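Heads up: the structure comes next, in structure tokens.
Just so we're clear, the structure is a prediction, and the values are computed from it rather than from any experiment.
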Amino acid sequence: MSEDRVWRSLHVYRYGEQDAFLVDGVAPVIDGLRESGALADFFFLRYWQGGHHVRVRLLLDRAQADAAVEEATGKLAAHLAGSPVHVDFDADEFAEAAQPMMAAMEGERVQRLQPPTRSWNTPTSPSTPSTAARAGWPWRSGTSAAAARSCSTRSAGPAARPASGSAPGSR
């Protein structure tokens, strides 16, 4: 990986309508970062730890990374606030049954359930062997099986994504 680039990760908790969130919330942020020249690459994955959320991984120009993450976090938070989701989510069942089962399967730890509109940035580590190779990191065995379903694309533009509402609404 070039010394001029750095991976950053945004964790965005959204308990329902994740497909619409990816199309209407994340994609415009990705497009803007790419147009500004700050973004070299990205991928996302859906994850369970601490509640249903999307982890958006951004490969950013090191000089622009802090400003780009601040901008992205602000835009995603504004989107979440302006697009509330009403989902029947049994937090007790998730905390007592689902999350411990997933943690055991992946050798991970259970985390406290996060609010369904929380977002923050965090240091990142590789989530797939190909991501590790692209980032110049050694692959860590035992990494989440969910990451194998990650998405990597060169464009988040309108031609690369379906119109909102055309994707399954159950995510």
Side-chain angles (χ1 to χ4, degrees), residues 6-96 98-99 102-103 108-125 127 144 146-147 149-171:
V6 62
W7 280 101
R8 300 293 283 277
S9 181
L10 305 176
H11 293 201
V12 187
Y13 287 81
R14 179 81 164 189
Y15 293 169
E17 299 180 13
Q18 283 188 357
D19 290 338
F21 170 66
L22 289 166
V23 171
D24 299 332
V26 175
V29 169
I30 296 298
D31 291 343
L33 291 174
R34 190 174 305 284
E35 288 170 13
S36 75
L39 183 70
D41 203 359
F42 79 99
F43 70 97
F44 72 89
L45 58 100
R46 299 168 197 258
Y47 210 67
W48 56 269
Q49 203 170 28
H52 302 298
H53 66 285
V54 175
R55 293 182 179 185
V56 182
R57 304 287 169 88
L58 307 169
L59 181 58
L60 299 164
D61 174 78
R62 186 175 298 279
Q64 300 179 63
D66 290 341
V69 167
E70 185 176 330
E71 176 185 342
T73 302
K75 287 181 177 181
L76 292 172
H79 179 81
L80 291 173
S83 304
V85 175
H86 304 288
V87 175
D88 289 330
F89 180 77
D90 187 334
D92 292 333
E93 179 183 359
F94 185 82
E96 294 170 11
Q99 189 170 222
M102 290 181 276
E108 293 285 345
R109 63 184 173 85
V110 171
Q111 290 184 355
R112 188 185 73 214
L113 196 63
Q114 300 297 317
T117 57
R118 182 171 185 211
S119 65
W120 77 91
N121 70 77
T122 183
T124 190
S125 62
S127 296
S144 167
R149 301 189 71 174
S150 68
C151 172
S152 179
T153 182
R154 296 286 174 212
S155 173
R161 60 183 185 260
S164 181
S166 65
S170 61
R171 292 184 177 169

**Spatial distance of atom CZ (F43) from atom CG (L59) [nearest 0.5 Å]** =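 CG of L59 is found 10.0 Å from CZ of F43.
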**Asked** If you round to the nearest 0.5 Å, how far is CG of L58 from CD1 of I30?
**Response**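 Going from CD1 on I30 over to CG on L58, the span is 5.0 Å.
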**Message:** My understanding is that only residues two or more places apart in sequence, or in another chain, count here; which of them pass side chain to side chain donor-acceptor pair (under 3.5 Å) with E71?
**Reply:**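 Only K75 meet the side chain to side chain donor-acceptor pair (under 3.5 Å) criterion with E71.
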**Prompt:** Is the side chain of E108 donor-acceptor paired with the backbone N or O of M102 at a distance under 3.5 Å, no angle test?
**Reply:**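 No: the side chain of E108 does not pair with the backbone of M102.
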**Asked** Do any N or O atoms from the side chain of E93 and from the backbone of A98 form a donor-acceptor pair under 3.5 angstrom?
**Response**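 Such a contact is absent between E93 side chain and A98 backbone.
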Could you report the tightest heavy-atom contact between [X] and [Y], atom names first, then the distance?
X	Y	answer
L33	A68	CD2-CB, 3.7 Å
V29	A72	CG1-CB, 3.6 Å
L39	R34	CB-N, 3.8 Å
S36	Q64	O-OE1, 3.9 Å
G51	L113	CA-CD1, 3.6 Å
G37	D61	O-CB, 4.3 Å

So do [Y] and [X] actually touch side chain to side chain, heavy atoms under 4.5 Å?
X	Y	answer
V110	E96	no
Q18	V54	yes
L10	F44	no
R46	L22	yes
V12	F21	yes

**Message:** So, using ring-ring contact (aromatic ring centres under 6.0 Å, His included) as the criterion, who are the partners of H53 when residues are at least two apart?
**Reply:**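 Only H11, Y13, Y47 meet the ring-ring contact (aromatic ring centres under 6.0 Å, His included) criterion with H53.
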**Fill in**
Taken in chain and number order and not counting sequence neighbours, the residues that satisfy ring-ring contact (aromatic ring centres under 6.0 Å, His included) with F94 are H52, F89
